[in-house]
Amino acid sequence: MIVGIAGKIAAGKTTVAKFLEEFGFCRISCSEPLFDILTGNTQGYSWVPEVEFKGEPTRENLIELGRILKEKYGEDILIRLAVDKLRNCENIAIDGVRSMGEVDAIKRMGGIVVYIEAKPEIRFERLRRRGSSKDRGIKSLEDLLKFDEWEEKLYETTKIKEKADIVIVNEGTLEELRDKIISALGLGKHVH
């Protein structure tokens, strides 16, 4: 089973992907192939796209490389690479589905898309708590709302939500989120 996980920043995508790992899923983020290409760590793939782009794996470079690859190889390139890297896994959780092309690719492969959502106030509080260096540009709720707008223009997150097979509101405890995922995907209570 392939499960693609979408949602705005700090909605809980990685948390959901980690829950799925407990049920025997292999977890990969869409940016992992980009990171691998930039760092030359590509021996796990059966094929590697040819691309004229070098640089440190900063957020900006990853976004730029993603753009170049999508132009040359199609919107679904990152999904294809992620699935290729994990081709020996029966179940794959793809953390961070960011475009309609990626949604369509997952559905073509027989997978499902889960959209995780939470109010901006809650997401801002999570960002503050996680204090990741890549979120440095977001210092206020206004910054977060601007980032949401930018992401919406770039990736049309609202359309992704409309096309998702399952929408889960993640505004409670981790336990509640876990229960919602288990029942939405019909996973047993037992960890494999």
Side-chain angles (χ1 to χ4, degrees), residues 1-9 11-21 23-55 57-117 134 147-168 181 184-185:
M1 181 199 288
I2 297 174
V3 177
I5 304 158
K8 291 180 161 59
I9 186 171
K13 296 183 292 292
T14 301
T15 305
V16 168
K18 284 179 177 165
F19 283 154
L20 291 177
E21 259 185 319
F23 289 89
F25 279 73
C26 298
R27 173 168 73 95
I28 191 164
S29 123
C30 279
S31 57
E32 198 170 309
L34 296 171
F35 196 88
D36 289 341
I37 290 167
L38 283 181
T39 56
N41 177 27
T42 52
Q43 61 277 22
Y45 297 87
S46 67
W47 69 285
V48 181
E50 298 281 314
V51 66
E52 293 297 315
F53 184 82
K54 295 274 179 284
T58 59
R59 192 184 269 236
E60 290 73 22
N61 282 343
L62 292 169
I63 289 171
E64 182 57 15
L65 176 59
R67 194 187 60 71
I68 292 166
L69 284 175
K70 285 175 181 181
E71 261 175 30
K72 191 171 175 188
Y73 292 96
E75 267 296 315
D76 61 349
I77 181 66
L78 299 182
I79 299 291
R80 294 197 333 253
L81 286 169
V83 170
D84 180 65
K85 184 177 185 180
L86 299 183
R87 59 194 172 281
N88 302 319
C89 297
E90 203 176 316
N91 296 313
I92 301 175
I94 301 175
D95 174 2
V97 173
R98 286 202 171 78
S99 74
M100 291 306 291
E102 291 178 352
V103 168
D104 294 339
I106 289 167
K107 291 183 181 242
R108 263 201 314 279
M109 292 172 180
I112 62 170
V113 174
V114 178
Y115 188 91
I116 311 296
E117 70 176 355
K134 67 179 185 188
F147 183 85
D148 284 350
E149 258 175 57
W150 173 81
E151 212 176 29
E152 179 67 44
K153 273 198 202 85
L154 202 62
Y155 303 126
E156 301 184 300
T157 28
T158 309
K159 278 196 186 149
I160 293 175
K161 180 183 169 181
E162 286 163 14
K163 287 248 355 220
D165 301 286
I166 298 164
V167 175
I168 290 176
I181 293 296
L185 294 177

Quick one, [X] and [Y] - any side-chain contact, counting heavy atoms below 4.5 Å?
X      : Y      : answer
Asp148 : Ile9   : yes
Asp36  : Tyr45  : yes
Leu69  : Ile37  : yes
Pro33  : Ile77  : no
Lys159 : Val103 : no
Ile28  : Lys85  : yes
Ile68  : Glu64  : yes
Ile160 : Met100 : yes

Donor-acceptor check, side chain of [X] to backbone of [Y], threshold 3.5 angstrom: yes or no?
X      : Y      : answer
Asp165 : Val113 : yes
Lys13  : Lys8   : yes
Tyr73  : Glu50  : yes
Asp76  : Gly101 : no

Could you give the distance from [atom1] ([X]) to [atom2] ([Y]), rounded to the nearest 0.5 Å?
X      : Y     : atom1 : atom2 : answer
Met109 : Ile94 : CE    : CD1   : 7.0 Å
Ile63  : Leu65 : CD1   : CG    : 11.0 Å
Glu32  : Arg27 : CD    : CZ    : 8.5 Å
Trp47  : Thr42 : CH2   : OG1   : 12.0 Å
Phe35  : Asn61 : CZ    : CG    : 11.5 Å
Arg87  : Cys26 : CZ    : SG    : 12.0 Å

- Task: Could you go through the salt bridge (Lys or Arg N to Asp or Glu O under 4.0 Å) check for Glu102 and Lys70 one step at a time?
- Result: CA-CA 10 Å; Glu102 291 178 352; Lys70 285 175 181 181; 3.4 Å; yes

- Item | Partners meeting salt bridge (Lys or Arg N to Asp or Glu O under 4.0 Å) with Glu149 (sequence neighbours left out) | none

Kindly give the heavy-atom pair with the smallest separation between [X] and [Y], and that separation in Å.
X      : Y      : answer
Glu117 : Val167 : OE2-CG1, 3.9 Å
Ser46  : Asp84  : OG-OD1, 2.6 Å
Ser31  : Leu62  : O-CD2, 4.5 Å
Ala93  : Leu20  : CB-CD1, 3.8 Å

- Task: Please lay out, stage by stage, how Val97 and Tyr115 fare under the test side-chain contact (heavy atoms from CB on, under 4.5 Å).
- Result: CA-CA 9 Å; Val97 173; Tyr115 188 91; over 6 Å; no

- Query: What do the steps show when you test Phe25 against Met1 for side-chain contact (heavy atoms from CB on, under 4.5 Å), and what is the final call?
  - Reply: CA-CA 9 Å; Phe25 279 73; Met1 181 199 288; 3.8 Å; yes

- Message: I need the single residue from Ile116, Val3, Val114 that forms a side chain to side chain contact (heavy atoms under 4.5 Å, CB included) with Ile166. Which is it?
- Response: Val114

